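What follows is a single structure, written as structure tokens, with notes after it.
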Amino acid sequence: VTLSTDLGAAYAAQMKAVLAHRLPPGTVVDLAHDLPPHGVREAGFVVRAMAERFPAGSVHVVVVDPGVGGRRASVVVACRDGSVLVGPDNGVLAPLAEALGGGRAYRLDPARLASSPRVGTTFDGRDVFAPAAALLASGVRPSRLGSPTEIIRASAPPPQREAHGARGSVAHVDRFGNLVTNVPTDWLPHDVAVLQVRIGARNLRLPLVRSYEARATGRFAVLGSSFGSLEVARVQGRAADRLGAGVGTSVRFAWSARPARRKRK
Amino acid sequence: VTLSTDLGAAYAAQMKAVLAHRLPPGTVVDLAHDLPPHGVREAGFVVRAMAERFPAGSVHVVVVDPGVGGRRASVVVACRDGSVLVGPDNGVLAPLAEALGGGRAYRLDPARLASSPRVGTTFDGRDVFAPAAALLASGVRPSRLGSPTEIIRASAPPPQREAHGARGSVAHVDRFGNLVTNVPTDWLPHDVAVLQVRIGARNLRLPLVRSYEARATGRFAVLGSSFGSLEVARVQGRAADRLGAGVGTSVRFAWSARPARRKRK
Amino acid sequence: VTLSTDLGAAYAAQMKAVLAHRLPPGTVVDLAHDLPPHGVREAGFVVRAMAERFPAGSVHVVVVDPGVGGRRASVVVACRDGSVLVGPDNGVLAPLAEALGGGRAYRLDPARLASSPRVGTTFDGRDVFAPAAALLASGVRPSRLGSPTEIIRASAPPPQREAHGARGSVAHVDRFGNLVTNVPTDWLPHDVAVLQVRIGARNLRLPLVRSYEARATGRFAVLGSSFGSLEVARVQGRAADRLGAGVGTSVRFAWSARPARRKRK
């Protein structure tokens, strides 16, 4: 069972207490409790990268949930590889569900959880998702917890291919201030050495590099990020601060082939 | 064994190293290491909520300890449900001990710990509490580690009931800037819809809602918090910053019954 | 297997996913993921203290790696006590290796890891160190993963003894703003009560105390830190902010023996 939340440690601990009643020691893995508060779209992007490589059969609980207590549904997604996702139906689960091959979704019915009585109405992580995850990790089938439904897809516009380029947006700013975009690295032709990058209102001509070390301190560059998408970074500095860019900032890449004579080098 | 500290990761790791010598993998659960530095009163409130739902028999180690190395005692509390608390005797353990039904307290005698030699005098978390917790989790009886004592109660004034209302204070500001008070939610009559709230020098007339979604972005509301007490929140915003309130700010709630004609709706 | 990184939770989770494929639940222990970004020298100091007390045979993975993707080598160090270190060869492993009695180092050959294909070139933590740690924790010998090498020593100048004193520098600022130096506490004669401290451009005459409580709030003091070295602290305050000092600030201690008449007290 993995936990990915924007709750901070104090609320996350209350979820762990619920899980500890049913699961053996060491079963719960903290992925993050410092996701951007209420940042459903960025969280969806980050959670996909954090969770997609876990062994098939994992139960992934995600709590980024500004609509808790309101009309949004709670859902369980049974993915193709046997992994199960649990969380609010607000789009945050969609990128991970897609990365794991999709699957069947069920609208979680709290009445089917033999859960302790509710203390408040604003903490489904503790009162609904954690009890559901404990049951699912103990072998209860997802279909036992609710009726079939379709989950909401994230509303972020997907990246677009263009002639000799692509456009997208910043999906995540990491701890180092690197700007991770949603443009897949594998859209880039193999022979590209330099890109024209428009990020927000800035225009930059940047090399594609394989290492931060390949550029002097303070210089910008484009790299293939650890999220499988292109990243704009500043060596030993924070690209986000320097470029005034953040999650949602539009990005456009234009590339041209590496000149033949440089290939020899 | 759960760990709740204000130490940050670097010192907490040194405690985990001690515990790893005696306990099987996966036994130690991090609750928080980012409790407010030296914030004994707030930490006591938060630790109670974090730890009280763990299975009976858990060992809870709490380190918020500005008086380390000085005259304050170290204590072990054997609670009614079989859970054991370990930490400094400065009041931080009292709310959790009370929530778990109280129990017998023992003044921890470091000489009874077969512990490694001390490196300094300012880290009882590593040198006293962690070795004690390892012994307790291995089945050693609390009474073997010291002589009977009484623990210090937190000195925070408790909330007070009033005619059609209550007064108390802000006990915790959560990651979202919500102001969690110490006034129990169940003091509120069932038919209350609106409250008059005096918080610090501000007077607000606020609805009682069950979901942040029930109010427009930027509006304030009162909710039943996940701590079992009333909370003043700002939808998608930080009530603490906007109201200039923080831990210790006085709060007074006044309520009137929901008008009969609205009950029909 | 312990993890100590400057990566933040999102990247660390990707490492845990790799480890979860080979290791039983509860085997991975988070030490820190908030080490100072790119702070190789401070991280080396902190990692030594965090990891050195873990049981012999532990595998310690350290990722503070500004040169990732470039020319720096990846290394495995087989320490005398059976513990194994894995990380970049940039000096960050050296203090821990030394504390564990030294040992044999091997230059990690990624071709010997049956690892998943690379997504980018900037995350050896996930693509090289985590797979290596999983193999090592499963019993694979360090010598199977590469050829013998020597690791880089940290380039920080070591502390120097002086007549009736010592000089060094601030090695770490902890969560409380305490200034932890690299001058070993045991260099101090037993009868010292007061030290003359030059820190940066400031000169202070400070008592050596065993507890923060021994001084009034806001006063400075010298203590034996939890890192085995001398620390300059401000009671209930942040010495680092108040003295304008940080990692790398030079420190000079001068001591004189405790006057004989005071010994009686």
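Remember, predicted model here, so these are calculated numbers, not experimental data. Worth knowing before you read on, the calculation uses all heavy atoms, side chains too, and leaves out hydrogens, waters and symmetry mates.
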### Summary
Bottom line for A/Leu7: the part with an atom under 4.5 Å from chain B's heavy atoms is both

### Task
Heavy atoms only, distances under 4.5 angstrom: which of B/Pro55, B/Ala233, B/Ala56 has the most pairs with chain A? Name it, please.
B/Pro55

### Largest heavy-atom contact set with chain A, pairs under 4.5 Å, which of B/Glu231, B/His33, B/Gln236, B/Arg175
B/Arg175

### Query
Short question: side chain of A/Asp6, backbone of A/Pro66 - any donor-acceptor pair under 3.5 Å?
no

### Query
Can you name the ring-ring contact (aromatic ring centres under 6.0 Å, His included) partners of A/Tyr212, sequence neighbours left out?
none

#### Entry: Aromatic A/Phe45 / basic A/Arg41 pairing, under 6.0 angstrom, 45° off normal
no

### Task
Look only at the side chain of A/Arg126 and the backbone of A/Gln14, and say whether a donor-acceptor pair between them is shorter than 3.5 Å.
no

### Task
Please name all residues satisfying ring-ring contact (aromatic ring centres under 6.0 Å, His included) with A/Tyr106, sequence neighbours left out, ordered by chain then number.
none

### Query
Of the backbone (N, CA, C, O) and the side chain (C-beta and beyond), which part of B/Leu31 lies under 4.5 Å from a heavy atom of chain A, both, or neither?
both

#### Entry: Residue part contacting chain A, namely of B/Val180, when any heavy atom lies under 4.5 Å
side chain

### Message
Can you see whether A/Arg72 engages A/Ser74 through a side-chain donor-acceptor pair at a distance of less than 3.5 angstrom?
### Response
yes

### Task
Tell me, for A/Ala10 versus chain B, whether the close heavy atoms (under 4.5 Å) come from the side chain, the backbone, both or neither.
both

### Query
Side chain, backbone, both or neither: which part of B/Ala49 has an atom under 4.5 Å from a heavy atom of chain A?
both

